[in-house]
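Everything on this sheet refers to the single structure shown next.
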Number of protein chains: 2
Amino acid sequence: MTDRSVLSDFKPGDHDHEACVAVALDTASTVCRERGVRLTPLRRRVLELVWRRHVPSGAYDLLGALRSDGRRADPPTVYRALDFLVENGFVHRLESLNAYVGCGGPGRAHNGQFLICDSCGRVAELEDHAISEIIREKADALGFHAGWQTVEVIGLCGECLGRV
Amino acid sequence: MTDRSVLSDFKPGDHDHEACVAVALDTASTVCRERGVRLTPLRRRVLELVWRRHVPSGAYDLLGALRSDGRRADPPTVYRALDFLVENGFVHRLESLNAYVGCGGPGRAHNGQFLICDSCGRVAELEDHAISEIIREKADALGFHAGWQTVEVIGLCGECLGRV
DNA sequence: TAGTGAATGATATAATGTAATGTTCGAGAT
DNA sequence: ATCTCGAACATTACATTATATCATTCACTA
């Protein structure tokens with residue numbers, strides 16, 4: 001992946017899931033250590049769950065999964081873990097789905113742009129400066145100081161489009 | 001307002017609310033007649049409620065208001081009215097707030113871009129081709145066929161910024 | 001090893017949204 | 001006029017998403 005404006009694309013069904021998840025966990029682990037914050041077992045597990053399914057997860061899906069682990073869990077448990085992961089840029093919240101997806105280029109919480117396939121549910125994440133800049137500029141022109149951008153596009157990914 | 005990429009800006013507190021609401025209702029009325037769909041009393045009332053407050057309204061705020069009218073109302077009542085108003089482009093749903101706001105340039109349901117002031121809650125609506133086009137192009141480049149765009153920007157409007 | 005703040009546990013409830021089914025109402029046909 | 005049919009609305013029940021509050025545990029450190 002040389003074009004870093006594409007943080008994650010639509011993974012083919014046959015890619016190496018395990019490796020993919022492992023990398024995400026390792027990265028998070030490293031970043032947390034550097035940052036002096038704690039990737040506790042719970043937070044790590046939630047991050048893993050989010051990554052393991054390559055489609056966005058609802059909070060209550062994750063809650064169910066935690067309970068399947070045999071762990072006692074209630075809504076605040078999962079929401080707190082998600083808050084932590086979002087704040088630290090390991091997962092993104094998709095506003096139009098009320099769901100969470102792993103971040104393809106974890107760093108501090110950052111603006112991404114999301115392409116959400118209406119058919120297979122998979123998500124691609126962009127971090128495209130041209131997009132965020134033009135939005136910021138247009139807002140500026142109206143005297144508006146942009147803080148956070150939500151850009152989510154619903155449509156069909158190439159693969160699903162081909163299947164029609 | 002000559003620049004039609006700005007459908008509605010941050011109205012000053014002293015603008016003529018009543019006229020503003022009246023125009024919105026008249027426009028909706030006309031459009032519905034042309035289109036052969038019905039702006040029933042309920043739908044009209046919900047549209048009026050949405051416009052009367054110049055900040056986004058939650059579905060349950062509206063539900064409360066309907067009940068204050070003395071009208072019997074339950075969630076499906078207000079959601080159906082809102083669905084109608086959204087489909088016909090009279091109001092927009094703001095995904096990042098789970099709330100609804102009057103549309104500044106009613107037509108068929110259309111993609112807008114929204115600037116949401118985090119301090120006063122007011123919203124400006126853009127319909128900026130440069131923004132929607134670049135998003136569509138970038139999506140296209142990934143083989144993604146964009147259907148619907150959600151673009152919402154949280155920040156501070158000029159007025160609130162000046163007050164800091 | 002006692003103190004401290006972060007993290008989690010636990011309980012309750014709020015807020016948002018939908019499914020399913022029945023009833024009423026209004027426009028056009030007879 | 002009244003019949004018929006589909007749209008709009010009512011009603012009940014429930015599903016989903018999210019937060020408030022307070023207690024407890026845990027990891028670090030002084």
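So you know, we letter chains A, B, ... as the sequences are listed, proteins then strands, and number each from 1.
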For this session: Could you go through the salt bridge (charged side-chain N to carboxylate O under 4.0 Å, His left out) check for B:Arg93 and B:Asp83 one step at a time?
Result: CA-CA 9 Å; B:Arg93 175 179 166 82; B:Asp83 286 348; over 6 Å; no
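- Both B:Pro41 and A:Pro75 sit near DNA chain D, but only B:Pro41 has its closest nucleotide nearer the 5' end.
- Considering only side-chain N and O atoms, A:Arg72 lies under 4.0 angstrom from the phosphate OP1 or OP2 of C:dT11.
- Distance, A:Arg45 CZ to C:dA7 C1': 19 Å, rounded to whole Å.
- The CG atom of A:Asp61 sits 11 Å away from the P atom of D:dA18 (whole-angstrom rounding).
- Atom CG of B:Leu42 is separated from atom P of D:dT11 by 12 Å (rounded to the nearest Å).
- Residue A:Leu85 contributes atom CG, which lies 15 Å from atom C1' of C:dT8 at whole-angstrom precision.
- Of the candidates D:dT11, C:dA12, D:dT17, D:dT17 carries the atom nearest the A:Tyr79 side chain, counting heavy atoms from C-beta on.
- Rounded to whole Å, the distance from CZ on B:Arg35 to P on D:dA7 is 17 Å.
- Nucleotide D:dT17 holds its C1' atom 11 Å from the CG atom of A:Leu63, rounded to whole Å.
- Phosphate proximity of C:dA15 to B:Tyr60: absent, as no side-chain N or O sits under 4.0 Å from OP1 or OP2.
- One atom, CG of B:Leu66, and another, P of D:dT11, lie 13 Å apart when rounded to the nearest Å.
- In this structure, CD1 on B:Ile131 lies 14.5 Å from CZ on B:Arg136, to the nearest 0.5 angstrom.
- A side-chain donor from one of B:Glu152 and B:Ser96 sits under 3.5 Å from a side-chain acceptor of the other.
- In this structure, B:Thr77 does not reach the D:dT11 phosphate: none of its side-chain N or O atoms is under 4.0 Å from OP1 or OP2.
- In terms of phosphate contacts, B:Arg93 brings a side-chain nitrogen or oxygen within less than 4.0 Å of OP1 or OP2 of C:dG17.
- Checking C:dA10, D:dA10, D:dA8 against the side-chain heavy atoms of A:Asp74 singles out C:dA10 as nearest.
- Summarising the geometry, the separation between CG on A:Asp83 and P on C:dA6 is reported as 16 Å, rounded to the nearest angstrom.
- Taking the six-membered ring for Trp and thresholds of 30 and 60 degrees, B:His110 and B:His92 have ring planes more than 60 degrees apart, a perpendicular arrangement.
- An OP1 or OP2 oxygen of C:dC25 is reached within less than 4.0 angstrom by no side-chain nitrogen or oxygen of B:Arg38.
- Nucleotides of DNA chain D nearest to A:Leu97 and B:Pro76 differ in position, and the one nearer the 5' end is that of B:Pro76.
- Map B:Asn98 and B:Arg80 each onto its nearest nucleotide of DNA chain C; the residue landing nearer the 5' end is B:Asn98.
- The aromatic rings of A:Phe84 and A:Phe90 sit tilted, their planes meeting at an angle between 30° and 60°.
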